[in-house]
Amino acid sequence: MDTDSIIPLPKTVQVCRKALLDWYDGHARDLPWRVLPVARSEGQRPDPYGVWLSEIMLQQTSVTAVKDYYAAFLDRWPGVEHLAAAPLEDVLTCWAGLGYYARARNLHACAQRVVDQHGGVFPQTEAELRTLPGIGDYTAAAIAAIVHDLPTNVVDGNVERVMARLHQVERPLPDAKPELKSLAAHYVLEYRAADWPQALMDLGATICRPKNPKCDLCPLERHCLATKTGKPDAYPRRRPKVARPVRYGAAFVLCRDDTVLLRRRPAKGLLGGMSEVPNSSWQAQKEVTETVMMSAPVEANWHNVGSVRHVFTHFALELDIYKAEASEGYQTNEGWWASCHKLDEEALPSLMRKVLAQAGMLLK
DNA sequence: CACTCGTGGCG
DNA sequence: TCGCCAAGAGT
């Protein structure tokens, strides 16, 4: 670690641990995958499968967005062996709308690894968990701590934010990551090893929020340097964002009675393995109509039925939507016809649901 | 190691 | 309407 990195005073560490754990006893969020501190103190432990599933879903995703998906997954695949036996297509269908679809592919691969190589039992140590697909530094530490009470250093965006404010770290993210992780390591403790990281994350999510932090309710306020000497919501500092470019393209909704033509995207990459309607490549410049029509799946009486705009992580997309009725003899060896009444059974990302809705084909 | 990879909610 | 960003991982 850098010689200029901050080291918290031992006294501060002790007082903050106590204050935050006490706060957690009264303010822990009651989450479906969580065992609350009272039950935990009575020896109750969470289901490793449920904790793992929730942690994967929660990567870069809000609790609100995850809850329904978590319940649906547990209902359909109650254990890791059920999930491992499922076709990947089914997993992607249930994941559709949650985003970052590599997580779903890795989830499935991880379940199969656990069943095939670990007898259906999740490894307990951080190092072993770390080798599984979809489990990185954060998730390995989180599972080891939350499930097995191991004193790991669990560092997510919440913990980074709390540390950056508590110690008023001026170095911007992502450069500050090692420093913030080092700071957090000083607070790790064996006593209540499972509750500590969850307390930190709950504080970050409900009190020490990115915007409008509720410092007056914070159990650590007396020790928080950012609150004393500056505006806490200015931390963690970040590099200025790069502008998000816009890409343009066209999507083709080919209908036959109450069905639409769908196809599968390549297994990896953007929206990998998900379903889509045929569409053009996405370019930085909008192309002329004649060129756009070259990428239609078939010559037909295409009508423009509007456009949709969708924002991805590193670019925005504007798709013009074209719709046509397939002629009687149209044959295709690519894709399949999907009933517009059963589109919930397809692995449609939100972008494609927008497209189908705009074309009037997203019915229930 | 910089880049890729979704989506919805919220001020 | 728009920028911000959430329990990160893989390459």
Side-chain angles (χ1 to χ4, degrees), chain A residues 29 31-34 46 50-70 92 95-107 109-110 129-147 152-162 173-175 177-178 180-181 184 194 196-206 208-213 233-234 236 238-246 265-274 276 308-317 347-354:
Chain A
R29 289 176 294 174
L31 303 172
W33 45 85
R34 171 176 286 178
V51 170
W52 164 70
L53 178 60
S54 73
E55 290 298 342
I56 302 300
M57 287 185 166
L58 286 163
Q59 289 167 4
Q60 297 288 285
T61 308
S62 69
V63 167
T64 306
V66 161
K67 274 185 174 170
D68 289 347
Y69 285 87
Y70 178 79
L92 290 174
W95 197 277
L98 199 53
Y100 284 138
Y101 297 99
R103 292 184 297 170
R105 288 180 256 130
N106 286 330
L107 183 85
C110 183
L129 287 163
R130 185 64 182 77
T131 67
L132 295 171
I135 299 183
D137 288 346
Y138 160 77
T139 305
I143 294 174
I146 294 173
V147 176
T152 61
N153 191 17
V154 182
V155 183
D156 72 334
N158 288 304
V159 177
E160 286 182 343
R161 185 169 57 257
V162 171
L173 285 174
D175 295 8
K177 279 180 175 292
L180 296 170
K181 188 167 186 172
W196 174 251
Q198 296 184 91
L200 265 179
M201 291 190 283
D202 275 26
L203 187 80
T206 64
C208 196
R209 307 179 297 185
K211 297 174 189 172
N212 303 320
D233 61 351
R238 295 178 187 279
R239 299 204 172 290
K241 317 285 181 193
V242 294
R244 191 167 8 225
V246 182
R265 290 181 61 85
K268 295 182 179 178
L270 185 69
L271 307 178
M274 302 297 285
E276 67 177 5
V308 300
R309 192 179 171 81
H310 191 76
V311 179
F312 291 104
T313 304
H314 52 290
F315 67 94
L317 179 65
L348 290 171
S350 292
L351 165 65
M352 287 300 149
R353 295 188 71 86
K354 282 187 192 176

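So you know, we letter chains A, B, ... as the sequences are listed, proteins then strands, and number each from 1.
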**Student:** Are A/Y69 and A/W95 near enough that their ring centres are under 6.0 Å apart?
**Tutor:** no
**Student:** Salt bridge check: are A/R239 and A/D175 linked by an N-O gap of less than 4.0 Å?
**Tutor:** yes
**Student:** Can you tell me, in whole Å, how much space there is between the P of C/dA7 and that of B/dG11?
**Tutor:** 16 Å
**Student:** B/dC3 P sits how many Å from A/H314 NE2, rounded?
**Tutor:** 11 Å
**Student:** Applying a 4.0 Å non-hydrogen cut-off, can you work out what A/V154 is touching in the nucleic acid: base, sugar-phosphate, or nothing?
**Tutor:** nothing
**Student:** Nearest to the side chain of A/R238 - B/dC5, B/dT7, C/dC5?
**Tutor:** C/dC5
**Student:** Write down the distance separating the P atoms in B/dG8 and C/dA9, rounded off to the nearest Å.
**Tutor:** 22 Å
**Student:** Taking any heavy-atom pair under 4.0 Å as a contact, classify A/W95: base, sugar-phosphate, or nothing.
**Tutor:** nothing
**Student:** Using whole Å, what does the distance between atom C1' of nucleotide B/dC3 and atom CG of A/L270 come to?
**Tutor:** 13 Å
**Student:** Within this structure, what is the NZ-to-C1' distance between A/K181 and C/dG8, rounded to whole angstrom?
**Tutor:** 11 Å
**Student:** Which heavy-atom pair separates A/L348 from A/A96 by the least distance, and what is that distance?
**Tutor:** O-CB, 3.4 Å
**Student:** Among B/dG6, B/dT7, C/dA9, which is the nearest nucleotide to the side chain of A/P349?
**Tutor:** B/dT7
**Student:** Has A/R161 got a side-chain atom pairing as donor or acceptor with A/P236's backbone, closer than 3.5 angstrom?
**Tutor:** no
**Student:** Check the angle between the aromatic planes of A/F315 and A/F312 and answer parallel, tilted or perpendicular using the 30° and 60° thresholds.
**Tutor:** tilted
**Student:** So if I take every side-chain heavy atom of A/Y101 and compare against B/dG6, C/dA7, C/dG10, which nucleotide ends up nearest?
**Tutor:** B/dG6
**Student:** May I ask you to verify whether the side chain of A/R209 and the base of C/dA6 hold a donor-acceptor pair under 3.5 Å?
**Tutor:** no
**Student:** Let me know the distance between NZ of A/K241 and P of B/dC3, rounded to the nearest Å.
**Tutor:** 14 Å
**Student:** Quick one: which of B/dG6, C/dG10, C/dC4 gets closest to the side chain of A/H310?
**Tutor:** B/dG6
**Student:** Using whole Å, what does the distance between atom C1' of nucleotide C/dA6 and atom CZ of A/R29 come to?
**Tutor:** 11 Å
**Student:** Does any non-hydrogen side-chain atom of A/D202 lie less than 4.5 Å from one of A/R34?
**Tutor:** yes
**Student:** Go through C/dA7, B/dG6, C/dA9 for me and flag the one nearest to the A/T61 side chain.
**Tutor:** B/dG6
**Student:** From C-beta outward on A/K211, which listed nucleotide comes closest to its side chain: C/dG3, C/dG8, B/dT7?
**Tutor:** C/dG3
**Student:** Less than 3.5 Å between a donor and an acceptor, one on the side chain of A/S350 and one on the base of B/dG6, is that the case here?
**Tutor:** no
**Student:** So what does A/G272 touch, heavy atoms closer than 4.0 Å: a base, only the sugar-phosphate, or nothing?
**Tutor:** nothing
**Student:** Describe the nucleic acid contact of A/T139 in one word from base, sugar-phosphate, nothing, applying a heavy-atom distance below 4.0 Å.
**Tutor:** sugar-phosphate
**Student:** Nearest-Å distance, CD (A/E160) to P (C/dG8)?
**Tutor:** 9 Å
**Student:** Could you state the CE-P distance from A/M57 to C/dA7, rounded to the nearest angstrom?
**Tutor:** 17 Å
**Student:** May I ask you to say what A/L107 touches in the nucleic acid, namely base, sugar-phosphate or nothing, with a heavy-atom cut-off under 4.0 Å?
**Tutor:** nothing
**Student:** With a 4.0 Å cut-off on heavy atoms, is A/P197 in touch with a base, just the backbone sugar-phosphate, or nothing at all?
**Tutor:** nothing
**Student:** Quickly work out the A/I56 CD1 to C/dG10 C1' distance and round it to whole Å.
**Tutor:** 12 Å
**Student:** Quick check on DNA chain B: between A/K354 and A/F315, whose nearest nucleotide comes earlier from the 5' end?
**Tutor:** A/F315
**Student:** Here's a test of your reading of the structure: between A/Y100 and A/N212, which maps to the more 5' nucleotide of DNA chain B?
**Tutor:** A/Y100
